[in-house]
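Worksheet: the structure to be examined is printed underneath.
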There are 2 protein chains.
Amino acid sequence: MSIYMEKNRRTKQSIQKSFMRILENKSFESITIGDITKTAKINRGTFYLHYKDKFDLLDQIEQQLFADLGNHIDELQSRYSSIHTLKKEQEQLAAKLFNFIEMQSPILKIFLSDHGRAGFHIRFRDAFSEKVHYNLQKNESFIANLKVPMEYFLSFITSAFLGLIEQWVRNGLDKTPHEMTAIYIDIIFFIQNNLEPMPTSNANTVKDLL
Amino acid sequence: MSIYMEKNRRTKQSIQKSFMRILENKSFESITIGDITKTAKINRGTFYLHYKDKFDLLDQIEQQLFADLGNHIDELQSRYSSIHTLKKEQEQLAAKLFNFIEMQSPILKIFLSDHGRAGFHIRFRDAFSEKVHYNLQKNESFIANLKVPMEYFLSFITSAFLGLIEQWVRNGLDKTPHEMTAIYIDIIFFIQNNLEPMPTSNANTVKDLL
DNA sequence: TAACCACTAAACAATATGTTGAAAATTGAG
DNA sequence: CTCAATTTTCAACATATTGTTTAGTGGTTA
């Protein structure tokens, strides 16, 4: 029994691996089942024993990625609860998240590019956003201070963070996770320090940008 | 001569219109040339007289959208130069940008969804980012104060802004452009007021989120 | 009138799809 | 070792889509 499962698993893995390899040079749209099975050196019919179609294949890879992301964030946040008073620790947590992205960067680089599937960035952001939202809800003083609808705040902040990630991945990971954390914090501070606090000011401000 | 051009233009427009209508109910990937020409009630061969393939069709619609966006931002920024000292005017400018998004929301809603084409959000952000970058470069004091690489700052701020737009469009434009401007400014102020300015602080801060 | 242009209609080879049925290879249990 | 179960292979199938082509229609221009 277990050897059958093992064999089944190996074939699925082979299909996924071949699929991802092809995806580096060819867009999802233009990839055929034949491309995949030729690369994986299996019969075309075998593919259909494991997946309904190529969308099903991509879905399963996506689901795995989101599950991994969720677990990683959960782990970070449980650790965060006990030591959330230290800035150093916060930086470590952000760095760990960038570290996760670094680990998954081969997949993310493809999925976020035009070789991937439409809407991935939204599904990715939603998965991320859900975790952040869950954590924010525990913080009563935060909720009390927030004047704008939560979903808009979440869209803003998670998109900003994922924007950094996208740029990082696109740049071929030209920074360490630690450096990325510093950039993230620097930008937040920059927005803080370059905003005009009073409506009558006319200094160069972040709001001037948009 | 001009009647030929007019007929040509009408047919192209009919193709684009049919294409966008189908795109509301069917993903770009699954749409066939036959779907488009049946809806537009033209011969399938006629499609190929106007477009190389369906990617070319989408490209041209995208290019038009980006050109419109660029022109709109340019117009805003030229007006901005003369009156950039007043907060009210800044809000008006942001509102005008949200207004443009509102106008284009039928297209954006589709292109940003999973019915669109992979990588659209990146191309859209790049088009937006280029305009913001161009404007920022003129501001010497801004450049001098910025410690992080420009491309990362641009990714952060444009992604955040487009995150708001995505949420807004997804919500079926549940706010007015004016309200969206208020939300944008409120979030910036919220980040400003809820950030810990000193590394030793332990209050609930925005950096706690990530 | 004659050349021109946008479009139609129908056919074409080539390729991909998803499914099927029979057989081969591998593994498990007796 | 043998037989049954399981996974995969192989080849064939109808169907659909692609991009191209060739011939022809009707209106336009010069």
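Please read all numbers here as calculations on a predicted model, not as lab measurements.
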With a 4.0 Å heavy-atom cut-off, tell me which residues in residues 37-53 of chain B come close to DNA chain D, sorted by residue number. B:R44, B:Y48, B:D53

Check whether more than 12 heavy atoms from other residues, nucleotides or ligands sit under 6.0 Å from atom NZ of A:K17, and answer yes or no. no

Report the distance from atom NZ of A:K54 to atom C1' of C:dA16, rounded to the nearest whole Å. 10 Å

Please confirm whether the ring centroid of A:F153 lies under 6.0 Å from the ring centroid of B:F190. yes

Ignoring hydrogens and geometry, is there a side-chain-to-backbone donor-acceptor pair from A:Q137 to A:Y134 under 3.5 Å? no

Which residues, if any, of residues 26-33 of chain B bring a heavy atom under 4.0 Å of DNA chain D? B:T32, B:I33

Rounding to an integer number of Å, can you tell me how far A:N8 CG sits from C:dT26 P? 17 Å

Whole-Å distance, B:D35 CG to D:dA16 P, equals 13 Å

Atom CE of B:M5 and atom P of D:dT28: how far apart are they, to the nearest Å? 16 Å

Tell me, please, which residues at least two apart from A:K54 pass side-chain contact (heavy atoms from CB on, under 4.5 Å). A:F28, A:I33

Residues passing the salt bridge (charged side-chain N to carboxylate O under 4.0 Å, His left out) test with A:R44, sequence neighbours excluded, are none

Strand-adjacent residues in residues 56-64 of chain A, judged by heavy atoms under 4.0 Å from DNA chain D: none

B:F55 CZ to D:dG19 C1': how many Å, rounded? 14 Å

Go through the structure and list residues passing side-chain hydrogen bond (donor to acceptor under 3.5 Å, both in side chains) with A:D186, not counting sequence neighbours. none

Does any N or O in the side chain of B:D56 come within less than 3.5 Å of the main-chain N or O of B:D53, such that one atom is a donor and the other an acceptor? no

In terms of ring plane angle, is the pair B:F156 and A:Y184 parallel, tilted or perpendicular, where the classes change at 30° and 60°? tilted

Got a donor-acceptor contact below 3.5 angstrom from the B:T37 side chain to the B:G34 backbone? yes

What class does the angle between the rings of A:F120 and A:F124 fall in, given that below 30° is parallel, 30 to 60° is tilted and above 60° is perpendicular? parallel

A:D59 and its salt bridge (Lys or Arg N to Asp or Glu O under 4.0 Å) partner, picked from A:R123, A:R117, A:K52: A:R117

